[in-house]
Engineer: 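This is the structure, below, for whatever I ask next.
Values below: every heavy atom of this structure, side chains too, minus hydrogens, waters and symmetry copies.
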Amino acid sequence: MSEDKLNRRTDTLAFAERSSGGIWDAVILGAGAAGLMAGIVAARRGKRVLILDHARTAGEKIRISGGGRCNFTNLNASVKNYLSGNPRFCISALKAYTPVDFLKLVDSHGIGWHEKTVGQLFCDESARDIVTMLLAELDEAGGRLQMGTEIKGIEHRDGLFHVATGRGSEKARALVVATGGKSIPKMGATGLGYDIARQFGLEVLPTRAGLVPLTFSDSQKSFAAGLAGLSVDAEVRFGKVMFREGLLFTHRGLSGPSILQISSYWQEGNPVTINLAPGTNCLESLMAARKSNPKQDVATSLSEILPKRLAKAIIEREGIKGHIAEQGDKLLRKLDEAVHRWQVIPVGTEGYRTAEVTLGGVDTKALSSKTMQANDVPGLYFIGEVVDVTGQLGGYNFQWAWASGAAAGRAL
Ligand SMILES: Cc1cc2nc3c(=O)[nH]c(=O)nc-3n(C[C@H](O)[C@H](O)[C@H](O)COP(=O)(O)OP(=O)(O)OC[C@H]3O[C@@H](n4cnc5c(N)ncnc54)[C@H](O)[C@@H]3O)c2cc1C
């Protein structure tokens, strides 16, 4: 059945079931990766589950992820790939629902996939295949989905969660909050999950945009703007953290996988150190050029190890003129520094508008790492990105969504 038909079918069934006045075993807020997985796992166990979401269609972030191919997991996912105030919190859920478990599900639906960079698995065809698979699983397990539903308020009384919505009220023994982070508000991201956490006395750690391009000041932009669209293999460092992946110059600053990765660790006001030509020795190369080709202009010598456009921009920025033979050792060392240890202090990030994830969120100290249930509020669960667990780039965020969703789905 198509994604659209599945959306409509589960929606209609949800209305039918609700009008019978029943109490759900669980209402899940958010039909993203985590909410759908929790719904599937719980419904397979015979639980009466209703997923509510204000968006028109389910799994919108899955659909746009991985450039439309969804990097749906990473075979090497482990605790070291996640940022959290409580770094070991994710271990239990990740062990109980592994990348191979998700891969088995993908294979059982005959969805073609391939491994891109080591461990990163993408759909061969379309990210939509993952959404269709999840909706089909939910439908088959008997879980219900109601899209286009505004959540107006939550009350907890008489042992039940009362969810007031724009389409009536729902009662449930358990409430699972899977409303994601603040990234890409245009796609329906809201802070609802954080508000619910606070309402029930759970702490919410400060949030900020992660896996996001870094932006430059006007003077820095004048250097980078002419390079917009150029990408190089780079090593990008902040403190003890280093990533070697592609770096892309943009009109606003820097992007590309290495920059998105470091953005989650970067702290405002501090420099990021970039090696624009890892695996090469700029100083040696320039000294050799000075001997073998003294009349060569410096930009041409530098373009032995860097793209021409970038070499030229660096030479201009450093105010260097003339032939390579005219440049002393001190100047060549300065160039070596500019290539291998370029220190740049971004003015900020592009923010939630383009961020792939939100760092921070519901403090894990308030949750059980096995079930995702709030320690002090039986029946209340938080899963996925709303929780203070954020993956690096490379399929780790979806793996967290599947694993935390499955943990709650098994427990409620
Ligand atoms: C452009 C982009 C590309 C990405 N690519 C990848 C990738 O390839 N691999 C990877 O691992 N991760 C990727 N991510 C990250 C990944 O999409 C998220 O980490 C993941 O979707 C989080 O799942 P979730 O279920 O917690 O939240 P979400 O998927 O964000 O789902 C939350 C749901 O809650 C609903 N909701 C929110 N507020 C309300 C409200 N007030 N009322 C009712 N419903 C509400 C939303 O409509 C949404 O359906 C990408 C993210 C972006 C933005």
Engineer: Which atom names give the shortest non-hydrogen contact between Gln261 and Tyr265, and what distance separates them?
Structural biologist: O-CD1, 3.4 Å
Engineer: How about Leu94 and Ser78: do any of their side-chain heavy atoms sit closer than 4.5 Å?
Structural biologist: no
Engineer: Taking the six-membered ring where the residue is Trp, are the ring centres of Trp402 and Tyr97 under 6.0 Å apart?
Structural biologist: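 No, the ring of Trp402 stays outside the 6.0 Å limit from the ring of Tyr97, centre to centre.
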Engineer: Quick check: do Met242 and Glu235 have side-chain heavy atoms less than 4.5 Å from each other?
Structural biologist: yes
Engineer: Do you know which two heavy atoms are closest between Ala42 and Val49, and how far apart they sit?
Structural biologist: CB-CG2, 3.7 Å
Engineer: Using the side chain to side chain donor-acceptor pair (under 3.5 Å) criterion, which residues pair with Thr215? Sequence neighbours excluded.
Structural biologist: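 Once residues adjacent in sequence are excluded, Thr215 has no partner under the side chain to side chain donor-acceptor pair (under 3.5 Å) criterion.
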Engineer: Do Gln327 side-chain atoms and Lys321 backbone N/O form a donor-acceptor pair below 3.5 Å?
Structural biologist: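 Answer holds: yes.
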Engineer: Would you mind checking if Arg341 and Asp336 are paired as a salt bridge, meaning a charged N to carboxylate O distance below 4.0 Å?
Structural biologist: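 Looking at Arg341 together with Asp336, the answer is yes, because their closest N to O distance falls below 4.0 Å.
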Engineer: Give me the atom names and distance for the closest heavy-atom approach of Leu103 to Leu75.
Structural biologist: CD2-CD2, 4.3 Å
Engineer: Is any side-chain heavy atom of Thr364 closer than 4.5 Å to a side-chain heavy atom of Val389?
Structural biologist: yes
Engineer: Give me the atom names and distance for the closest heavy-atom approach of Ser264 to Leu83.
Structural biologist: O-CD2, 3.5 Å
Engineer: Minimum heavy-atom separation for Thr73 to Pro99, with atom names?
Structural biologist: OG1-CB, 3.3 Å
Engineer: Does the side chain of Asn71 come within less than 4.5 Å of Phe398's, by heavy atoms?
Structural biologist: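 Result no, sub-4.5 Å side-chain heavy-atom pair not found.
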Engineer: For the residue pair Tyr82 and Tyr396, categorise the inter-ring angle as parallel (less than 30°), tilted (30 to 60°) or perpendicular (more than 60°).
Structural biologist: perpendicular
Engineer: Using a strict threshold of under 4.0 Å (side-chain N to carboxylate O), is an ion pair present between Glu316 and Lys312?
Structural biologist: yes
Engineer: Centroid-to-centroid, Trp342 to Phe223, below 6.0 Å?
Structural biologist: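 For Trp342 and Phe223, the ring centres are under 6.0 Å apart.
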Engineer: Under 3.5 Å, which donor-acceptor pairs do the side chains of residues 26-33 form with other protein atoms, sequence neighbours left out?
Structural biologist:
none

Engineer: So that I can tick it off, tell me whether Asp195 and Arg198 are bridged by a salt bridge, with the cut-off set at under 4.0 angstrom between side-chain N and carboxylate O.
Structural biologist: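 Salt bridge between Arg198 and Asp195, a charged N being under 4.0 Å from a carboxylate O: yes.
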Engineer: Which residue pairs pass the salt bridge (charged side-chain N to carboxylate O under 4.0 Å, His left out) test when at least one of the two sits in residues 30-45, sequence neighbours left out?
Structural biologist: Arg44-Glu137
Engineer: I'd like to check Lys182 versus Tyr194 (side-chain heavy atoms, cut-off strictly below 4.5 Å). Are they in contact?
Structural biologist: yes
